[in-house]
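The shown structure was predicted, so the numbers you read here are calculated from the model rather than taken from an experiment.
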Amino acid sequence: MQNLNKQPQIYIDELYNTIEHHAKLYYEQDNPEISDSEYDELVRQLKKLEAEYPEYVRENFLTRGVGGQANKLFSKVTHAIPMLSLDNVFDFDELANFFNRLSKNQGDNGFTCEMKIDGLAISLIYEDGIFIQGATRGNGYEGEDVTENLRMIKNLPLELKNFPSGRVELRGEVLMTLDNFNALNQKREAAGEIKFANPRNAAAGTLRQLNKNIVAERNLSVFIYYLVDAQKYGLTKQFDVLKWLSEKNLPVQSAYSYCENLSDVEKFITHWQNERANLNYETDGVVIKLDDLTQWQNIGTTSHAPKWAAAFKYPPEEALTKLLDIKISVGRTGVLTPVAILEPVKISGSTVQRASLHNFDEIARKNIMLGDYVRVRKAAEIIPEIIAVDISKRTGGEKIFNMPELCPACNNKIIHVEGDTAYRCPNKNSCPAQLRESLKYFASRQCMNIKGLGDSLCDDLIKSHSIEKITDLYKLNIMNFTSLDRIGIKTAQKILDNIENSKSRPLSAFIAALGIPEIGINTAELLVNKFGTLENICAASLNEIMTIDGIGNIVAGNVFEFFRQPENLDMLEEFKYYGVPADNEFEDQNANKNSDLAGKIFVLTGALTFTRAEAESLIKNSGGKISESVSKKTNYLIAGDKPGSKLLKAQELGVTVLNEQEFINLLGGK
Ligand code: IVH
């Protein structure tokens, strides 16, 4: 890729700009355009050229730093000890060079090898065993305070027993497990939202959420791998540090081993190259750390990475195959997504025949033609994607992909607004593909929870004209099912029962099911908490919606607009006619709850004998609300053992402070 026709200075300059552009997308916007390995390759090229042409080196360029800039929305935290990066090695030769460098420093014996977790680095501070602060790496020197979001991570202990007193700093990685990542993307797809490119971006995007409830719902995890100043606690080996951390109940990945020498390290790397497919989190390599902590100080660091460690990066799992066709799928909101149909090929144990193309711009950007040989990448359990075209394999018979003018499902003219990446089918009332996706979303677990309405049944009900709009679900009878192939009376009756039962779903689930753009169950709950009934939500002014904590102006606009459209109001009338939702009063849902507490705002601090999730559900079930920070609006601060600074703030503002027993009494001794 080195362009030798250009002046080296111009070429190096272009490379700096390209890397800067991609680093911004990756670190600051969680929205990369190229794969990690493509990025690594650019950095490698740059490093090579910098060595050749030191006169053109751009001082203070980010490759000499360690990541992105701190996000402006969270307050900044200065790391007492910089959070460094790791130098990469890409094959066993480069690994041997790392060992040679170490042996010059007499540090070539005894290593701890750990899987390199593909998440984002965090620093965690415990004071007397209580978690008090967590921060992202940011630029290595200054990160973002994400304490409140980290508190939502279930496997991160907020209090540690038998832990050293005073201030202890740990470092580790925040990640999203593959199970959670896949579930989240499915949900986003169903909600017509853009899917996350990979679990790392999903974790990064989640940790930067301003709404902690979303962080809690998305279920992040953390693994710790580093104890700052470990020798202070009598530890002298990295291997012992990991054991010690697990003994203290801190989450540590189990994929690590002690390796005596280079050959052991190579065995570890080879073993885990295949085995890592069985881990429920993404890894992109192995971190090799000298085991002896006293040598860490002797050997030292460069400005951006320790010299006593290296990251062996696995090559991404890729295969070359032929692009047979590009099909178009139509989403619930009418957005069209291109899907690559491939000649079946095996990648990391499974057969791949479809790959995501994200959007139509990507086809042009990657210069993809029908009939091309394409490099396809598949990371464990993640939707395969096309990395690049192998231009050398072109025969001249490849064909340009022409954007169709008509929707493949309903033949309506496709709409594309200049500047928007999305192409859309505007036929929201009768496009069968949009109707099928909307039906599936309406029936999904978090919405109306109607089991049994799979892809092909939805298709059949639409084809047979039993369903022409969503409300038709509630006028289905047994004949509509039994007239279809493959559906017996028993199954039909079960599905009809499920449809009937869905009428008693809570109002918030029904609001979410309506498919208002960007309104998921959380926002729906906020609306119901504020307005109580569907009629009140319909009648709410834009201003009233905008004042709800946790609802931004765009989302508020979507809600307001939705309830202004005559066809939506007709649809709601029809639902009402069928008795959907049966439970249209928020107050009704809380009728047997402690009415004194309805709408009261609670804040929690310190450790309680029940879990935070339990406390939250007790409050919610009593009609109360939970907030993360103390303000004048707070009604009660529940202070557990070792409360944090929230207690001081509550006392300053005159907020009622309750201990655990008083809290239980308030809830009516539940
Ligand atoms: S040790 C001073 N161990 O990789 C070096 N890092 O590319 C401290 N990472 O910033 C890092 N798994 O975010 C270490 N087992 C592991 C790791 C790990 C993932 C990340 C970490 C670091 C990045 C460097």
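Salt-bridge check for Lys116 with Asp284: passed, with a basic side-chain N closer than 4.0 Å to an acidic carboxylate O. Remark: Glu114 engages Lys289 in a salt bridge, criterion side-chain N to carboxylate O under 4.0 Å. Between Lys187 and Glu217 there is a salt bridge, since at least one side-chain N of the basic residue sits less than 4.0 Å from a carboxylate O of the acidic one. Contact check on Lys232 versus Glu169 returns no salt bridge, with no Lys/Arg side-chain nitrogen under 4.0 Å from an Asp/Glu carboxylate oxygen. By the 4.0 Å N-to-carboxylate-O rule, Glu318 lies close enough to Arg375 to be salt-bridged with it.
Ring pair Trp244/Phe163 is tilted by interplanar angle, where 30° to 60° counts as tilted. Ring pair Phe92/Phe312 is tilted by interplanar angle, where 30° to 60° counts as tilted.
Side chain of Asp291 to main chain of Phe239: a donor-acceptor pair is present (N/O by atom type, distance under 3.5 Å, no hydrogens or angles). With hydrogens and angles ignored, the 3.5 Å screen pairs no side-chain donor or acceptor of Asp128 with any backbone N or O of Ser165. When atom types are taken as modelled, the side chain of Lys313 and the backbone of Asn88 share no donor-acceptor pair closer than 3.5 angstrom. With hydrogens and angles disregarded, a donor-acceptor distance shorter than 3.5 Å links the side chain of Lys366 to the backbone of Ile386. Side-chain atoms of Lys154 do not come within 3.5 Å of backbone N or O of Ser221 as any donor-acceptor pair. Here the side chain of Asp264 pairs a donor or acceptor atom with the backbone of Glu260 at under 3.5 angstrom. With Glu628 contributing its side chain and Glu148 its backbone, the two residues share no donor-acceptor pair below 3.5 Å. Proximity of a side-chain donor or acceptor of His79 to a complementary backbone N or O of Gly140 within less than 3.5 Å is not detected. Of the possible polar contacts, none joining the Asn213 side chain to the Ala216 backbone as a donor-acceptor pair under 3.5 Å is found. A donor-acceptor contact shorter than 3.5 Å links the side chain of Thr321 to the backbone of Glu343.
In this structure, the side chains of Ile12 and Gln9 stay at 4.5 Å or more apart for every pair of heavy atoms. Using a 4.5 Å cut-off on side-chain heavy atoms (C-beta onward), Cys113 and Glu266 make no contact. With a 4.5 Å cut-off on side-chain heavy atoms, Asn97 and Val89 do not count as touching. The shortest distance between side-chain heavy atoms of Asp87 and Phe98 does not fall below 4.5 Å. Contact of the Leu124 side chain with the Leu156 side chain is registered, since non-hydrogen atoms from C-beta on lie closer than 4.5 Å. Side-chain atoms of Ile224 and Pro251, non-hydrogen and from C-beta on, do get closer than 4.5 Å to each other. By the 4.5 Å heavy-atom criterion applied to side chains, Arg151 and Leu158 are counted as neighbours. Residues Asn162 and Glu247 are not in side-chain contact: their nearest non-hydrogen atoms beyond the backbone lie 4.5 Å or more apart.
Side-chain contact check for Thr294 and Gln231: no donor-acceptor pair (N or O, by modelled atom type) lies under 3.5 Å. The closest side-chain donor-acceptor pair between Asp145 and Thr147 falls under 3.5 angstrom.
What you find for Ala121 and Met83 is that their closest heavy atoms are CB-CE, 4.0 Å. Closest of all the heavy-atom pairs between Tyr314 and Gly285 is CD1-CA, 3.5 Å. Heavy atoms only, all atoms of each residue included: Glu144 and Val77 are closest at C-CG2, 4.4 Å. The two atoms that bring Val376 and Pro384 nearest to each other are CG1-CB, 4.0 Å, heavy atoms only. For the pair Phe74 and Leu207, the tightest heavy-atom approach, listed with the atom from each and the gap, is CZ-O, 4.1 Å. Taking all atoms of both residues into account, the shortest heavy-atom contact from Gln209 to Ile214 is OE1-CD1, 3.5 Å.
Note: Ile153 CD1 to Asn219 CG = 9.5 Å, rounded to the nearest 0.5 Å. For the atom pair CD1 of Ile288 and CD of Gln238, the computed distance is 13.0 Å after rounding to the nearest 0.5 Å. The CG atom of Leu342 sits 8.5 Å away from the CD atom of Gln353 when rounded to the nearest 0.5 Å. The distance from the CG atom of Leu150 to the OG atom of Ser123 is 9.5 Å, given to the nearest 0.5 Å. A distance of 11.5 Å separates CG of Asn211 from OG1 of Thr206, quoted to the nearest 0.5 Å. Between the OG1 atom of Thr605 and the CD1 atom of Ile638 there is a distance of 10.5 Å, given to the nearest 0.5 Å.
Other residues, nucleotides and ligands place more than 12 heavy atoms under 6.0 Å from the CZ atom of Arg365. More than 12 heavy atoms of other residues, nucleotides or ligands sit less than 6.0 Å from atom CG of Asn278.
For Phe111 and Phe99, the ring centers are positioned less than 6.0 Å apart.
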Fill in: Residue pair Phe181, Arg218: steps toward the side chain to side chain contact (heavy atoms under 4.5 Å, CB included) verdict
CA-CA 8 Å; Phe181 171 72; Arg218 294 218 191 134; over 6 Å; no
Item to complete: May I have the step-by-step check of side-chain hydrogen bond (donor to acceptor under 3.5 Å, both in side chains) for Tyr141 and Lys76, ending in yes or no?
Response: CA-CA 10 Å; Tyr141 302 95; Lys76 290 182 180 161; over 6 Å; no
Practice prompt. Verify side chain to side chain contact (heavy atoms under 4.5 Å, CB included) between Val241 and Thr112, making sure each step is shown before the conclusion.
Written response: CA-CA 10 Å; Val241 167; Thr112 294; over 6 Å; no
Item to complete: Just do the side chain to side chain contact (heavy atoms under 4.5 Å, CB included) check on Val168 and Leu227 with the steps written out, would you?
Response: CA-CA 8 Å; Val168 179; Leu227 168 65; 3.7 Å; yes
Item to complete: Might you work through the side chain to side chain contact (heavy atoms under 4.5 Å, CB included) test for Gln297 and Trp308, ending with a clear yes or no?
Response: CA-CA 9 Å; Gln297 272 128 22; Trp308 41 262; over 6 Å; no
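Listed by chain and number, the residues in a side-chain hydrogen bond (donor to acceptor under 3.5 Å, both in side chains) with Tyr373 amount to none (sequence neighbours excluded). Under the ring pair (Phe, Tyr, Trp, His ring centres under 6.0 Å) criterion, Tyr281 pairs with Phe223, not counting sequence neighbours.
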